[in-house]
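Everything numeric here is computed off the predicted structure, so don't read it as measured data.
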Amino acid sequence: MNEHVAGVRACTDMEEYLFDLNGYLILKGALTPAQVDACNRTYDELDAANVDGRGWHGNVVVHNSGRQEGLIFQQLYEAGPVWEDLLDHPAWYDKVIHFIGTDDPENFDGQHGPAFIDECFGTIRGPGGAQRLHSGGHVGTIRTQFRYHAGKFHCGQVNILMALTDIGPGDGATMVVPGSHKSNIRHPQTVALERRGEEVSMDGVVGAIECHLDKGDVLLFVDAIAHGSARRTNPGHRRIAVYRYGPSWGYFRLPYRPSSELLERLTPRRRGLVYPHQREVLPPGRAA
């Protein structure tokens, strides 16, 4: 039986089974209405900044892509207290650590701490917005891998996708191919490398399903699963945020770094999730 340090199980038997089988879980009502409201106030402010192209709003990167991916935000944990609270949110924190495998004290992946958030982003997508099919178990990368060995999970990246609006039919829902995190064969409808600049969605991908979420729900999934989104056909906007957790030996996906102000005010556990890397030990007189 897998337990975290406090002796309370991180996941039920059914959650373990379904995550192993399908590669994802839906956590209903993970965020409180107050947290959803606070996150949406941040998005209102970032949207109103009217950034042209790529720029900064405080310590948050705003990318007005002009493409189907919509308005993209990076470094959301810099955007205020609610975003800091989400770093180790009790609705998913222990589950993420369990699927990474570092709730086992003998797992060397936890040498620098239980986890590292290598990217923290969000999007606003309007009508026509979408994301192409990507990832899948056939890729085989360590960073995004799904692995289960000797009764324990060892996942390279576990994503927490938070719905800040209701996402149902026509809303451009995230789509996944259940079980594809274990596939050894590339999905025949995978977008070829030379076509990845084209604006295509996951609509019509065989085996794919839409993950419908109420605002406040969370989609927890291993990055090895083939995923993307449907094209939004309804009016209005889809708002989501994603925190990506992996082993503490990992490093940042993009060239952004947490601010010193953020690191100073975070609790030790949250600071470890954002920046687990230790200060270098150097010989006398050496600066770098």
Do [X] and [Y] have a side chain donor and acceptor closer than 3.5 Å?
X: Arg125; Y: Ser229; answer: yes
X: His98; Y: Asp103; answer: yes
X: Gln157; Y: Asp118; answer: yes
X: Gln35; Y: His89; answer: yes
X: Gln131; Y: Gln68; answer: no
X: His63; Y: Gln74; answer: no
X: Asn40; Y: Arg239; answer: yes

What I'd like to find out is whether the side chain of [X] reaches to under 4.5 Å of the side chain of [Y], using heavy atoms alone.
X: Ile240; Y: Ile167; answer: yes
X: Arg132; Y: Val191; answer: yes
X: Phe221; Y: Leu161; answer: yes
X: Pro258; Y: Glu78; answer: yes
X: Val176; Y: Cys211; answer: yes
X: Arg244; Y: Asp223; answer: yes
X: Asn159; Y: Tyr243; answer: no
X: Leu254; Y: Val61; answer: no

Look only at the side chain of [X] and the backbone of [Y], and say whether a donor-acceptor pair between them is shorter than 3.5 Å.
X: Asp203; Y: Arg231; answer: yes
X: Ser248; Y: Gly113; answer: yes
X: Asn64; Y: Val51; answer: yes
X: Ser180; Y: Ala226; answer: yes
X: Arg253; Y: Glu119; answer: no
X: Tyr17; Y: Asp20; answer: no

Mind checking the [atom1]-[atom2] spacing from [X] to [Y]? Nearest 0.5 Å is all I need.
X: Leu273; Y: Ile117; atom1: CG; atom2: CD1; value: 5.0 Å
X: Glu106; Y: Lys152; atom1: CD; atom2: NZ; value: 8.0 Å
X: Asn107; Y: Ile100; atom1: CG; atom2: CD1; value: 9.5 Å
X: Phe73; Y: Thr42; atom1: CZ; atom2: OG1; value: 9.5 Å
X: Lys95; Y: Ile160; atom1: NZ; atom2: CD1; value: 9.5 Å
X: Lys215; Y: Leu164; atom1: NZ; atom2: CG; value: 10.0 Å

Query - Glu16/Arg9 salt bridge by N-O under 4.0 Å criterion - result: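 Salt bridge between Arg9 and Glu16, a charged N being under 4.0 Å from a carboxylate O: yes.
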**Report entry** Ion pair check, Arg270 and Glu84, cut-off under 4.0 Å
**Finding:**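 Salt bridge: no.
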Are [X] and [Y], when compared by the centres of their aromatic rings, separated by less than 6.0 Å?
X: Phe146; Y: Phe99; answer: no
X: His227; Y: His134; answer: yes
X: His277; Y: Phe252; answer: yes

Report task. Decide yes or no on salt bridge (charged side-chain N to carboxylate O under 4.0 Å, His left out) for Asp171 and Arg232, but give the supporting numbers first. Result -> CA-CA 5 Å; Asp171 289 334; Arg232 186 177 180 98; 3.5 Å; yes
Other residues, nucleotides, ligands: >12 heavy atoms within 6.0 Å of [X] [atom1]:
X: Tyr251; atom1: OH; result: yes
X: Leu282; atom1: CG; result: yes
X: Leu21; atom1: CG; result: yes

Minimum heavy-atom separation for [X] and [Y], please, with both atom names.
X: Ser65; Y: Gly70; answer: OG-O, 2.8 Å
X: Arg186; Y: Thr190; answer: CG-OG1, 3.5 Å
X: Thr165; Y: Arg238; answer: OG1-CA, 3.8 Å
X: Cys155; Y: Pro247; answer: O-CD, 4.2 Å
X: Cys39; Y: Leu86; answer: SG-CD1, 4.1 Å
X: His112; Y: Pro276; answer: O-CB, 3.7 Å

Query - Val206/Gln189 under side-chain contact (heavy atoms from CB on, under 4.5 Å): CA gap, chis, key distance, verdict - result: CA-CA 8 Å; Val206 175; Gln189 291 172 281; 3.4 Å; yes
Is [Y] reachable from [X] through a run of hydrophobic residues whose side-chain heavy atoms are each under 4.5 Å from the next?
X: Phe153; Y: Trp92; answer: yes
X: Val218; Y: Leu76; answer: yes
X: Ile185; Y: Leu133; answer: no
X: Leu220; Y: Met175; answer: no
X: Val158; Y: Val139; answer: no

Requested in this report: Check the pair Asp47 / Asp44 against side-chain contact (heavy atoms from CB on, under 4.5 Å), numbers first and verdict last.
Outcome: CA-CA 5 Å; Asp47 190 19; Asp44 290 342; 5.9 Å; no
Report task. Might you work through the side-chain contact (heavy atoms from CB on, under 4.5 Å) test for Val60 and Trp56, ending with a clear yes or no? Result -> CA-CA 6 Å; Val60 176; Trp56 293 88; 5.9 Å; no
Query raised in the report: So Val274 and Leu87, side-chain contact (heavy atoms from CB on, under 4.5 Å) or not? Walk me through it.
Result: CA-CA 8 Å; Val274 168; Leu87 292 169; 3.9 Å; yes
Report task. Test Leu18 against every option in Leu25, Asp13, Ile26 by the side-chain contact (heavy atoms from CB on, under 4.5 Å) rule and name the one that passes. Result ->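 Only one of Leu25, Asp13, Ile26 forms a side-chain contact (heavy atoms from CB on, under 4.5 Å) with Leu18, namely Leu25.
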